[in-house]
Amino acid sequence: IFRDVPSDITIEVNGVSFALHKFPLVSRSGRIQKLVAEHRDSDMLRVELVNVPGGAESFELAAKFCYGINFEITSFNVAQLYCVSDYLEMTEEFSKDNLGSRTEEYLEIVVCKNLEMCVEVLQQCESLLPLADELKIISRCIDAIASKACAEQIASSFSRLEYSSSGRLHMNRQTKCEGDWWIEDLSVIQIDLYQRLITAMKCRGVRPESIGASLVNFAQKELTKKCSLWNPSGLTKVDLGSTDHERLVVETIIGLLPVEKLAVPISFLFGLLRSAVMLDCSISCRLDLERRIGSQLDIATLDDILIPSFRHSGDGTLFDVDTVQRILVNFSQQDDSEGDMDDESVFESDSPRSPSQTALFKVAILVDNYLAEIAPDANLKLPKFLGIAETLPEHARTIHDGLYRAIDIYLKAHPSLPDEDRKRLCKLIDFQKLSQEAGAHAAQNERLPIQSIVQVLYFEQLRLRNALCCSYPDDDHKPAVHHQSWRISSGALSAAMSPRDNYASLRRENRELKLELTRMRMRLNDLEKEHVCMKRDMVKSRSRRFMRSFSKKIGKLSLFGHSSSRGSSSPSRQSYRTDSKVIERTCASTD
């Protein structure tokens, strides 16, 4: 630095030699003063400094400060200068306005007042650990960022306040919140410092939605470095030995998730779960994620719960069915607990269904669609399929069309399934809750057991009978429906009957049911025709001819009742008998 004065001390830092002079260094640095005092007899002193914070670059700035050479203190070098001043003992004890006080003043007045500068200082502190932590640079920056973010949100909330037409003060929800601009800046911080920062923000009262948005942004930037981790369709196995950092990121983010529902999108939770399974994260992390997902499963989609089986457990299934089943168990338990808590509010509410029941219906539809997706997997065992289907309570499904469709797909994909297993599957279906289209399909489905087909036909007949009764609410005009009751032989048949006799009995019952259904349809068609004619006559005439026509129509309706005259029979009754004989001949010839 002084070319005219020869150097009398050489200081080596990380292999870089600095030819300097003792006097300016000793007047500012207590550490160098002690080293020089230990070697007073040496005219040319050579000293090596080990573990200098910031290395040779920061030492060069400290040496310039000792020589009085001006340079700018910025947010990119203040942390190094603060640490090297402590290492070299450049305090007020040795010189006024020394490097330590200068960096302290800049850190307090400039850096801690600006959120972006605090983030930049935290980035520089990553290479200065643990000294930067011991000097409380990190904690001061973290507290400043948390306070600043909280203040920004409060100011943004006040800016969104406005008066309504009635003069009341309310918050405008449509105005975009501009207090979360710092979310992008935090994604550059190292994971351990980021964890401390988010924890401090929670303590300061930053909104859970803002913390959730920051976690989503941080995870996407860290985990998308390996596309197979964050891509739900990526089924390639990764080298677990090279994913320690990703595992640490996933486990840390799971631990930082806000406890409030909907603070983060549920698709993000499923993405974390896929990554946790793929990276073999701790069991506690995965169980925590499954519990969080289960508490809001009613807003999930089919793509969310289709979790690929990243780690094949030997069964060769395409999807991770066990994880989905645990999520469903968490949802059922949460639903039960909420139902117990809301017992009093149910009676006070005007709505017929509580929110928990609505969520249960949505999840039932989701589960049925999920079963239909995994059913074609030839390696899917029956216990796992049954485990998913039986997780929800019976009252969760108001319509069993989706469950029937899934079971039909499973039966089609597993043609060698034993009869006992087929019966176990079909016991899940309440055929009384099938729609008309699904019932018609089930009645002709050869993959179903015979007992199930008989049940379908029986409930189809009951449906038609109820429709007829509803069409004629008056007792005088009710059709005399054949009140023979069939009982479904679900295990009620005598054990002494042989399988062949049992099958013959079922076929006979099936034939009788088909015959009765055909009769009912014909009666219903006749009734509809008579009803149309009656309405047409009522509109055309209001005279006596209308009364005669009306009496004639009423007389024709005696088709379904007892005739008043013993000797005569109406043409409609004769046509009905003729149709019945034709039907019976047709069924006999078909059999």
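Numbers here simply count residues along the sequence, with the first being 1. Only heavy atoms go into these numbers, but all of them, side chains included; no hydrogens, no water, no symmetry mates. These figures come from a predicted structure and were not determined experimentally.
The minimum heavy-atom distance linking Gly439 with Leu434 is given by the pair N-CB, 4.2 Å. Leu122 and Leu193 get closest at one heavy-atom pair: O-CD1, 3.7 Å. The two atoms that bring Val121 and Ser75 nearest to each other are CG2-O, 3.6 Å, heavy atoms only. Across all non-hydrogen atoms, the minimal contact from Ala219 to Phe268 is CB-CE1, 3.7 Å.
Asp401 and Ser435 share a side-chain donor-acceptor pair at under 3.5 Å. Side-chain contact of Asn217 with Ser214: a donor-acceptor pair under 3.5 Å is absent, judged by distance alone.
Under a 3.5 Å cut-off, the side chain of Glu246 and the backbone N or O of Leu279 do not form any donor-acceptor pair. Using a distance-only test at 3.5 Å, with no hydrogens or angles considered, a donor-acceptor pair links the side chain of Arg286 to the main chain of Cys281. With Ser332 contributing its side chain and Leu328 its backbone, the two residues share a donor-acceptor pair below 3.5 Å. Tyr410 places no side-chain N or O within 3.5 Å of a backbone atom of Leu371 that could act as its donor or acceptor partner. No donor-acceptor pair under 3.5 Å is formed between the side chain of Thr323 and the backbone N or O of Asp320. Formation of a donor-acceptor pair under 3.5 Å by the His400 side chain with backbone atoms of Lys433 is not found in this model. Of the possible polar contacts, none joining the Asp143 side chain to the Arg140 backbone as a donor-acceptor pair under 3.5 Å is found. Checking side-chain atoms of Thr252 against main-chain N and O of Leu248 turns up a donor-acceptor pair under 3.5 Å. Side-chain N or O atoms of Arg292 include none that pairs as donor or acceptor with a backbone N or O of Lys261 at under 3.5 Å.
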| task | Test salt bridge (charged side-chain N to carboxylate O under 4.0 Å, His left out) on Lys221 and Glu184 and set out the steps. | result | CA-CA 10 Å; Lys221 287 196 173 182; Glu184 288 287 339; 3.2 Å; yes
| said: For a salt bridge (charged side-chain N to carboxylate O under 4.0 Å, His left out) check, start with the C-alpha distance between Arg196 and Asp133, then their side-chain angles and the critical distance, and finish with the verdict. | reply: CA-CA 12 Å; Arg196 294 172 57 180; Asp133 204 6; 3.2 Å; yes
| request: Evaluate side chain to side chain contact (heavy atoms under 4.5 Å, CB included) for Glu222 paired with Tyr194, printing each intermediate quantity in order. | output: CA-CA 12 Å; Glu222 287 292 324; Tyr194 180 79; over 6 Å; no
| said: Determine whether Leu289 and Phe270 satisfy the following criterion, side chain to side chain contact (heavy atoms under 4.5 Å, CB included), listing intermediate values before the conclusion. | reply: CA-CA 8 Å; Leu289 269 180; Phe270 275 103; over 6 Å; no
| request: Show your working on side chain to side chain contact (heavy atoms under 4.5 Å, CB included) between Lys412 and Arg447 and close with a plain yes or no. | output: CA-CA 7 Å; Lys412 186 176 181 180; Arg447 290 182 287 271; 4.0 Å; yes
| request: Could you go through the side chain to side chain contact (heavy atoms under 4.5 Å, CB included) check for Cys83 and Leu135 one step at a time? | output: CA-CA 8 Å; Cys83 292; Leu135 296 176; 4.1 Å; yes
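Using the six-membered ring where Trp is involved, Phe319 and Tyr370 have ring planes that are perpendicular, over 60° apart on the 30 and 60° scheme.
Each of Asp322, Ile293, Thr391 was evaluated against Ile327; a single residue qualifies, Ile293, per the side chain to side chain contact (heavy atoms under 4.5 Å, CB included) test.
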